Protein chains: 2
Amino acid sequence: MNLKSKFKPTDAELEILRVLWKEGGSTVRLINEILNAKREVGYTTTLKFLQIMEQKGMVKVDRSSRTHLYTALIREDETQKHLLDELLESAFGGSAKKLVMQALGNNKTSQKELEDIKNLIKQLEGGKQ
Amino acid sequence: MNLKSKFKPTDAELEILRVLWKEGGSTVRLINEILNAKREVGYTTTLKFLQIMEQKGMVKVDRSSRTHLYTALIREDETQKHLLDELLESAFGGSAKKLVMQALGNNKTSQKELEDIKNLIKQLEGGKQ
DNA sequence: GTTTAATTACGAAGATTTTCGTAGCAAAAT
DNA sequence: ATTTTGCTACGAAAATCTTCGTAATTAAAC
């Protein structure tokens, strides 16, 4: 499977990855139950996705027990970065400023979080001088 | 066509929307030529997309002349917001902070742009107290 | 006025993504 | 041991997205 797609999960794949990132190694049953809290998904649908994701190198499987254990092979922050970069290019023409302002704009980002962001910016500015 | 999809352009649709947002009302030929600067796309492919986008309510067509004129019906900032919100939920679990820090993190956002963002934050903090 | 060129309409093939049904095993329960 | 339950494998249908070929029509050029 090609490298590109490894970091470009589809919507359904991303849903599953989020479970794996949160829960760590999980069985199909657990993953499927968590997904079903949000929306109805058949068990074999979830299983099929996991098998596809293994092909793509997104997850690895431990088959030592009959009940297989799936674990994410791509990192959450790395995947976020890829998806964000893509959106940055495709929708914001590469302007991180526009994107950030849009993200903060209507949003209820907390005082403390804004503080954290300010600190990051200070750091970035420091590095530039 | 349902409302949801109106603000959720596919990749190919977004490419076209970006042209329309930049150029304003445009002919199929112009749009196709601009697209072809980036990658090869057949003329009828572009035309077909525009026709689909009309169905979805993303663009409107002026058919008064034989050479039709297409114009975007959805706004750039609104569309950006929708796509961003979606990514925020699907990949960042709703944390705008994480998203923003990721966006600024590796990026070469300019001094002035960082300044602008700081000002926005100041404004946001002001409103909260 | 005929030929040539440009434009739109439309169907459909190909590709990708999402979804599940069924079969075949393995384990657990009786 | 036989039945029942639970799990994986696999193929394939359904849905969506991308791409183009062909036909029909209109305008322009000659």
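Heavy atoms only: backbone and side chains are in, while hydrogens, waters and symmetry mates are out. Not measured: the values here are computed from a predicted model. Protein chains get the first letters and strands the later ones, always in sequence-line order, with residue 1 at the start of each.
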With sequence neighbours left out, write down each residue that passes side chain to side chain contact (heavy atoms under 4.5 Å, CB included) with [X], or none if nothing qualifies.
| X | value |
| --- | --- |
| B/L47 | B/V28, B/Q51, B/Y70 |
| A/L120 | A/L124, B/M101, B/L104 |
| B/F7 | B/I74, B/E78, B/H82 |

Quick one: list whatever passes salt bridge (Lys or Arg N to Asp or Glu O under 4.0 Å) with [X], sequence neighbours left out.
| X | value |
| --- | --- |
| B/D116 | A/K97, B/K112 |
| B/E54 | B/R63 |
| A/K118 | A/E115, B/E125 |
| B/E89 | none |

Ion pair present between A/E13 and A/K56, side-chain N to carboxylate O less than 4.0 angstrom?
yes

Can you sort out which residues in residues 35-51 of chain B have a heavy atom within less than 4.0 Å of DNA chain C? Ascending by number, please.
B/Y43, B/T44, B/L47, B/K48, B/Q51

Protein-to-nucleotide contact annotation, 5' to 3' order, nucleotides 23-29 of chain C [B base; S sugar-phosphate only; - none; under 4.0 Å, heavy atom]
---SS--

Answer yes or no: does a side-chain N or O of B/R63 lie under 4.0 Å from OP1 or OP2 of C/dA9?
yes

Boundaries of the chain A footprint along DNA chain D (any atom under 4.0 Å from a heavy atom):
D/dG6 to D/dA12

How many Å lie between CG on A/N32 and C1' on C/dT19, as a whole number?
12 Å

For residues 30-40 of chain B, which side-chain N or O atoms pair as donor and acceptor with protein atoms under 3.5 Å away, sequence neighbours left out?
from	atom 1	to	atom 2	distance (Å)
B/N32	OD1	B/N36	ND2	3.3
B/N32	ND2	B/V41	O	3.2
B/N32	ND2	B/G42	O	3.3
B/N32	ND2	B/T46	OG1	2.7
B/N36	OD1	B/V41	N	3.1
B/N36	ND2	B/N32	O	2.8
B/N36	ND2	B/V41	O	3.0
B/R39	NE	B/E15	OE1	3.3
B/R39	NE	B/E15	OE2	3.1
B/R39	NH2	B/E15	OE1	2.9

Does any residue of residues 11-23 of chain B have a heavy atom under 4.0 Å from DNA chain D, and if so, which ones, in number order?
B/D11, B/A12

